[in-house]
Amino acid sequence: QVQLGESGGGLVQAGGSLRLSCAASGRTFSYNGMGWFRQAPGKEREFVAANTGSGSVTYYADSVKGRFTISRDNAKNTVSLQMNSLKPEDTAVYYCAGRWRTNPTDRQYDYWGQGTQVTVSS
């Protein structure tokens with residue numbers, strides 16, 4: 001069983017930066033592709049970014065490409081999301097997800113964190 005816990009959310013002004021972290025338990029962390037999703041009020045949960053177990057391949061939603069960077073430290077069982085040039089439309093609850101099944105951009109992951117709120121003020 002893998003447990004995920006996010007941290008690093010908060011309130012930031014537009015144009016600012018935040019770094020989210022996700023700590024994972026479980027010895028198989030390095031074999032699992034990891035992802036970040038977000039859900040704004042009244043909207044469906046959407047894909048943000050993902051990477052493979054080694055971290056060598058990354059995937060990004062078009063809306064965050066060039067602004068967000070996903071990375072991981074398998075020695076520490078953590079995956080991070082560096083978010084720069086934040087916009088009000090980035091406001092959402094951000095979720096860490098572990099081990100996608102077929103496609104890193106869909107929501108078919110085996111493990112989910114509880115989420116962390118990110119609020120970007122204009």
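The model shown is predicted, which means the values in this text are computed figures rather than measured ones.
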(message) Within this structure, what is the CH2-OG1 distance for the pair W100 and T105, rounded to the nearest 0.5 Å?
(response) 9.5 Å

(request) Kindly indicate whether a cation-pi arrangement holds for R107 with W112, taking the cut-offs as under 6.0 Å to the six-membered ring centre and within 45° of the axis. (result) no

(message) For the residue pair Y111 / R99, report whether a side-chain donor-acceptor contact shorter than 3.5 Å exists.
(response) yes

(request) Mind running side-chain contact (heavy atoms from CB on, under 4.5 Å) on S71 and R19 for me, showing each step along the way? (result) CA-CA 11 Å; S71 61; R19 185 178 181 86; 3.7 Å; yes

(message) Are the side chains of S17 and M83 in contact, using a 4.5 Å heavy-atom criterion?
(response) no

(message) Could you work out, with salt bridge (charged side-chain N to carboxylate O under 4.0 Å, His left out) as the rule, every residue matching R38, not counting sequence neighbours?
(response) E46, D90

(message) Membership question, hydrophobic clusters at under 4.5 Å side-chain separation (ILVMFWY): are W36 and M34 in the same one?
(response) yes

(message) Can a donor-acceptor pair be found, under 3.5 Å and without considering hydrogens, that links the side chain of T91 to the backbone of T119?
(response) no

(request) Would you check if the side chain of E6 reaches a backbone N or O of Q114 as a donor-acceptor pair within less than 3.5 Å? (result) yes

(request) Keeping the roles fixed (side chain from Y109, backbone from P104), state whether a donor-acceptor pair exists under 3.5 Å. (result) yes

(message) Whether the T58 and N51 side chains hold a donor-acceptor pair (N or O, under 3.5 Å, no angle test) is what I'd like checked.
(response) no

(message) Quick check: do T116 and V93 have side-chain heavy atoms less than 4.5 Å from each other?
(response) no

(message) Nearest 0.5 angstrom please: R72 CZ to S21 OG, how far?
(response) 13.0 Å

(request) Give a yes or no on whether Y94 and V79 share a hydrophobic cluster (residues Ile, Leu, Val, Met, Phe, Trp, Tyr; joining criterion: side-chain heavy atoms under 4.5 Å apart). (result) yes

(request) Give a yes or no on whether the backbone of Q108 and the side-chain of D106 come within a donor-acceptor separation of less than 3.5 Å. (result) yes

(request) With rounding to the nearest 0.5 Å, note down the distance linking OG in S122 to CD in E89. (result) 10.0 Å

(message) Donor-acceptor pair, distance only, cut-off 3.5 Å: does the side chain of N84 make one with the backbone of F68?
(response) no

(message) Check this for me: K43, atom NZ, are more than 12 non-hydrogen atoms of other residues, nucleotides or ligands nearer than 6.0 Å?
(response) no

(request) For a side-chain contact (heavy atoms from CB on, under 4.5 Å) with I70, tell me which candidate from V64, L81, L20 qualifies. (result) L81

(request) Report the distance from atom CZ of R67 to atom OG of S85, rounding to the nearest 0.5 Å. (result) 7.0 Å

(request) Return yes if some donor-acceptor pair links the side-chain N/O of T52 with the main-chain N/O of V57 below 3.5 Å, else return no. (result) yes

(request) Look at the side-chain heavy atoms of Ile, Leu, Val, Met, Phe, Trp and Tyr, link any pair under 4.5 Å apart, and say whether L4 and Y95 land in one connected group. (result) no

(request) Would you please name every residue forming a ring pair (Phe, Tyr, Trp, His ring centres under 6.0 Å) with F47, sequence neighbours left out? (result) F37

